[in-house]
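Just so you know, these numbers come straight off a predicted model, no measurement behind them. In what follows, chains are A, B, ... by sequence order, proteins preceding strands, each numbered from 1.
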Amino acid sequence: MTPDPAAPVRVRIAPSPTGPLHIGTARTALSNYLHARHVGGTFILRLEDTDVARSTLEFEKGILDGLHWLGLDWDEGPEVAGEPARGPHAPYRQMERLPSYAAAAQRLLADDLAYPCYCTPVELDADRKAQEAARQPPRYVGRCAHLTPEERREREAQGRRGALRFRVTEGVVAFDDIVRGHVEFDVSNLGGDFVIVRADGTPLYHFTVVVDDSAMEITDVIRGEDHLSNTPKHILLFRALGFDVPRFAHLPLILNPDRSKMSKRKSQTAIDDYIAQGFIREALVNYLAFLGWSPGTEEDVLALDEIVKRFDLHAVHKGGAVFDRERLEWLNGQWIRRLDPDDLVDRLRPFVEAELAAGRIEWMPTDEDLRSLLPFVQERLPTLGAIGDLVGFLWVDEVDVDATTLVPKRWDVATTREGLAAAREVIPKAGEVAFEADELEPALRALAEARGWKAGDLFMAIRVAVTGRTATPPLFDTLVALGRDRVLARLDHAIEALDAPG
RNA sequence: GCCGCAUUCGUCUAGAGGCCCAGGACACCGCCCUCUCAAGGCGGAGAUCACCGGUUCGAAUCCGGUAUGCGGUACCA
């Protein structure tokens, strides 16, 4: 019945192209991937696009791109961008597998395990309302369950197209879920005979998932807990079709802060949005893997290959996990700091370009420019998208400085003017031979000491003058990055701003 | 309503009868480092292990019940 424990593991991720790649889908894909790689199994991608009304090619592409971006490569999957389908069970797109569902439906029909149902949406709605009013659980009333062939012909003759309903038998369906253990459902609570093929002939999820999982020889169905209650329907279908029933593993849900199922309404759910903000794949993968699972050690920053080694489906939790963006950001910072500098430059570039496109900076730095900033920028980036806020002042002609922020807390306007003027004199001299931090810092410290100023106050005045802000990377590295001429010009500009009335 | 699942610091988690009057991490607070901001180091606060019974010499860990939450209940997936 269940797969031979020794048989090679085959798992799949089966997204519906009805929206952008969702955090929950990514996590399910990751769990499947981790399990497959951990046990040396096969990871399959199947597109469940039978909801034609909501499925689009753009969403499909977005989901595939997102999965690739995460580094979750599949062994078998549909043809994309000119690449042929991979794997022995093509096609991997359900709308291209219609004949197999039709054949399976035919078998069920022939065996009288399913029947055409001509009930209209209006009738079904009325049934449901009546049941609700009578405080009964909603269930199909069986109006079409026992139509004679003549009655069916009659309806067809009237031009009515029947949906196909699967006959739900009696009894208890039990299975041993890998994460939840033994689970039982009384079939009488399933809501009666359920539709497996729409009146327009397109098959429904509960049906296609069973036909395909069987055809693709899936051994382990790893999916979200929201499918737990659907599982008995699937098992009934597997049995009716004479198929082996796979093992199941239902993952805990990812939750909104209020502990409801994570939703677009209450949380940021699209992977694309996280990418756009500068989260990196290493962090996202690391974070997602640790939602509802832990290696049982005190390690918390782990690369995908290390997670693969440690991953164990049996150790996955049963309880849902709230998505904690703050923790993701921390992990993102951890991973950004671990990035190779050249790699980081490559990843940063699109975000700098975005700053330019948004008009927040005025020109593009070169890769060398970017690279030279890394020693003091890398550890200050919680996300790649923070680059503009951090050092955007480097790539504009002038910065806005207002007299109030220019004056350090312990200083007054006159001292500030004096300090900046003195710095204006000292800096070019100190930097004459080499405009470097090692030259500038001692000179400015000496200046502060000579005047009896606290170095921090002088530095703050200079910082605001040349960057327009009070929080920046270390001052001397910043001065070097700006270059002598721009430093002097901005100092002059700041002194003018102090002199300006108001 | 019915069915199912779940419940350890605010959050993610460690824990599989004595090592736990519960450990780590994020966030928070303080100190150190320090030119600001980060990063880093050190320390602090934070969980009567949902509750009530039971089993046991001993329970976060086993059993039963209760509560609460969540999921499902579509000709969506």
Side-chain angles (χ1 to χ4, degrees), chain A residues 14-16 18-19 25 48-51 53-55 117 119-121 124-125 128 131-132 134-139 161-165 177 180 183-186 188-191 194-200 202-206 208-209 223-232 250 252-253 255 257-261 287 290-301 317-331 333-334 337 376-382 390 408 441 444-445 448 454-460 462-464 467 469-476 478:
Chain A
S16 286
T18 53
T25 309
E48 307 216 324
D49 53 356
T50 55
D51 186 351
R54 293 195 298 147
S55 297
C117 168
C119 297
T120 63
L124 294 172
D125 204 49
R128 204 167 299 128
Q131 287 161 340
E132 205 171 302
R135 311 186 72 209
Q136 297 286 320
R139 103 191 315 268
R161 303 281 311 274
L164 194 64
R165 261 182 210 279
D177 191 278
R180 265 140 235 284
V183 183
E184 285 188 1
F185 287 85
D186 192 317
S188 64
N189 293 316
L190 260 31
F194 57 91
V195 174
I196 56 176
V197 180
R198 295 184 181 88
D200 71 4
T202 54
L204 255 11
Y205 166 75
H206 294 310
T208 58
V209 74
R223 69 218 320 185
E225 191 199 324
D226 43 352
H227 285 295
L228 189 62
S229 316
N230 295 147
T231 304
H250 286 94
L253 258 22
L255 276 19
D258 66 2
R259 306 202 71 89
S260 54
K261 181 164 92 167
Y287 181 72
F290 277 63
L291 266 190
W293 173 82
S294 115
T297 63
E298 285 183 356
E299 303 164 297
D300 37 29
V301 184
H317 296 175
K318 304 184 204 324
V322 173
F323 188 90
D324 181 3
R325 192 195 160 90
E326 302 234 48
R327 194 179 166 83
L328 206 212
E329 275 196 28
W330 170 77
L331 252 187
Q334 291 292 319
R337 274 166 238 144
F376 49 90
V377 158
Q378 189 158 10
E379 66 188 16
R380 268 168 255 265
L381 287 173
L390 228 203
E441 180 164 359
L444 286 169
R445 282 192 188 281
K454 297 199 82 163
D457 293 331
L458 206 217
F459 295 172
M460 183 53 84
I462 300 172
R463 163 178 293 112
V464 175
T467 67
R469 38 190 22 188
T470 54
T472 71
L475 181 62
F476 306 103
T478 301

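Under the ring pair (Phe, Tyr, Trp, His ring centres under 6.0 Å) criterion, A:Phe376 pairs with no residue, sequence neighbours left out. For A:Phe185, there are no ring pair (Phe, Tyr, Trp, His ring centres under 6.0 Å) partners, not counting sequence neighbours. Considering only residues two or more places apart in sequence or on other chains, A:Asp200 meets the side chain to side chain donor-acceptor pair (under 3.5 Å) condition with A:Thr202. Scored by the side chain to side chain donor-acceptor pair (under 3.5 Å) test, A:Arg165 finds no partners at all (sequence neighbours excluded). Residues forming a ring pair (Phe, Tyr, Trp, His ring centres under 6.0 Å) with A:Phe323 (at least two apart in sequence, or on another chain): A:Tyr274, A:Tyr287. With sequence neighbours left out, A:Arg259 forms a side chain to side chain donor-acceptor pair (under 3.5 Å) with no residue at all. Under the rule for a side chain to side chain donor-acceptor pair (under 3.5 Å), A:Gln378 has no partner lying at least two apart in sequence or in another chain.
Nucleotide B:rC62 forms a Watson-Crick or G-U wobble pair with B:rG54, both donor-acceptor distances falling under 3.5 Å. Pairing for B:rG30 is with B:rC42, a Watson-Crick or G-U wobble pair whose two hydrogen-bonding atom distances lie under 3.5 Å. Across the strands present, B:rG4 finds its partner in B:rC70; the criterion is a Watson-Crick or G-U wobble pair with both atom distances under 3.5 angstrom. Across every strand in view, B:rU48 sits unpaired, with no contact that passes the Watson-Crick or G-U test at under 3.5 angstrom.
Residue A:Asp186 contributes atom CG, which lies 8 Å from atom P of B:rG4 at whole-angstrom precision. Look at NE2 on A:His250: it is 12 Å from P on B:rG72, rounded to the nearest Å. In this structure, CZ of A:Phe194 is placed 19 Å from P of B:rC3, rounded to the nearest angstrom. If you measure from atom CG of A:Asn189 to atom P of B:rC5, you get 12 Å, rounded to the nearest angstrom. For the pair A:Phe376 CZ and B:rC37 P, the interatomic distance rounds to 17 Å; values are reported in whole Å. When rounded to the nearest whole Å, the span between CG of A:Leu124 and P of B:rC76 equals 11 Å. Between the P atom of B:rA77 and the CD1 atom of A:Ile196 lies a distance of 13 Å, rounded to the nearest Å. Taking atom CG on A:Asp226 and atom P on B:rU73, their separation rounds to 9 Å, with Å as the unit.
Ranked by how close their nearest RNA chain B nucleotide is to the 5' end, A:Asp200 and A:Arg337 are led by A:Arg337. Each of A:His227 and A:Leu381 lies near RNA chain B, and the nucleotide nearest A:Leu381 is the one positioned closer to the 5' end.
At distances below 3.5 Å, at least one donor-acceptor pair connects side-chain atoms of A:Thr478 with backbone N or O atoms of A:Pro473. A:Arg180 places a side-chain N or O within donor-acceptor distance of the main-chain N or O of A:His250, the cut-off being under 3.5 Å. With hydrogens and angles ignored, the 3.5 Å screen pairs a side-chain donor or acceptor of A:Thr467 with a backbone N or O of A:Arg469. No donor-acceptor pair closer than 3.5 Å links the side chain of A:Ser294 to the backbone N or O of A:Phe290.
For B:rC76, neither phosphate oxygen OP1 nor OP2 lies less than 4.0 angstrom from any side-chain nitrogen or oxygen of A:Thr18. Within the structure, every side-chain polar atom (N or O) of A:Arg180 is placed at least 4.0 Å from both OP1 and OP2 of B:rG4. One finds a side-chain N or O of A:Lys261 lying less than 4.0 angstrom from the OP1 or OP2 phosphate oxygen of B:rG72. For A:Gln334 and B:rG40, the shortest distance from a side-chain N or O to OP1 or OP2 is below 4.0 Å. Close to B:rA38, at under 4.0 Å from its OP1 or OP2, lies no side-chain N or O of A:Arg469. Contact annotation: A:Arg223 does not reach the phosphate of B:rA77 (side-chain N/O to OP1 or OP2, under 4.0 Å).
Taking atom C1' in both B:rC42 and B:rA6, one finds a spacing of 38 Å when rounded to whole Å. Comparing B:rG46 with B:rC3, their C1' atoms are spaced 38 Å from each other, to the whole Å. Rounded to whole Å, the P atom of B:rU56 lies 31 Å from the corresponding atom of B:rA14. Rounded to whole Å, the P atom of B:rU61 lies 33 Å from the corresponding atom of B:rC28. Taking atom P in both B:rA22 and B:rA39, the straight-line distance is 29 Å, to the nearest Å. B:rG15 and B:rA60: their C1' atoms are spaced 8 Å apart (whole Å). Spacing of P atoms, B:rC9 relative to B:rC51, comes out at 10 Å, to the nearest Å. Distance noted for atom C1' between B:rG40 and B:rU34: 12 Å (whole Å).
Of the listed nucleotides (B:rC75, B:rC3, B:rA77), B:rC75 has the atom at the smallest distance from the side chain of A:Arg128. For A:Lys318, whose side chain is taken as the heavy atoms from C-beta onward, the closest listed nucleotide among B:rA6, B:rC5, B:rC76 is B:rA6. Distances were taken from every side-chain heavy atom of A:Phe185 (C-beta onward) to each of B:rC76, B:rG71, B:rG4; the shortest belongs to B:rG4. The side chain of A:Glu379 lies closest to B:rA38 when the candidates are B:rC75, B:rA77, B:rA38. For A:Glu225, the side-chain atoms get nearest to B:rC5 when compared with the rest of B:rC75, B:rC5, B:rG1. When distances run from any side-chain atom of A:Tyr205 to the nucleotides B:rC5, B:rU73, B:rA77, the shortest one goes to B:rA77.
Residue A:Thr50 is classed as a sugar-phosphate contact, given heavy-atom separations below 4.0 Å to backbone atoms only.
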Between the protein and nucleotides 10-15 of chain B, list the N/O to N/O atom pairs that are separated by less than 3.5 angstrom.
unit_1 : atom_1 : unit_2   : atom_2 : d
B:rC12 : OP1    : A:Val322 : N      : 2.7
B:rC12 : O2'    : A:Phe290 : O      : 3.3
B:rU13 : OP1    : A:Gly292 : N      : 2.2
B:rU13 : O3'    : A:His317 : NE2    : 3.3
B:rA14 : OP1    : A:His317 : NE2    : 3.1
B:rA14 : OP2    : A:His317 : NE2    : 3.0

Between protein and nucleotides 33-36 of chain B, what N or O pairs are separated by less than 3.5 Å?
unit_1 : atom_1 : unit_2   : atom_2 : d
B:rC35 : OP1    : A:Arg445 : NH1    : 3.3
B:rC35 : OP1    : A:Arg445 : NH2    : 2.4
B:rC35 : O2     : A:Arg463 : NH2    : 2.4
B:rC35 : N3     : A:Leu475 : N      : 3.2
B:rU36 : O4'    : A:Arg463 : NH1    : 3.4
B:rU36 : O2'    : A:Thr470 : O      : 2.9
B:rU36 : N1     : A:Arg463 : NH2    : 3.4
B:rU36 : O2     : A:Arg463 : NE     : 3.4
B:rU36 : O2     : A:Thr472 : N      : 2.8
B:rU36 : O2     : A:Thr472 : O      : 2.9
B:rU36 : N3     : A:Arg463 : NH2    : 3.4
B:rU36 : N3     : A:Thr472 : O      : 2.6
B:rU36 : O4     : A:Pro474 : N      : 3.2

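In this structure the side chain of A:Leu204 never reaches within 4.5 angstrom of the side chain of A:Thr50, judged on heavy atoms.
Between the side chains of A:Thr25 and A:Arg223, no donor-acceptor pair is found at a separation under 3.5 Å.
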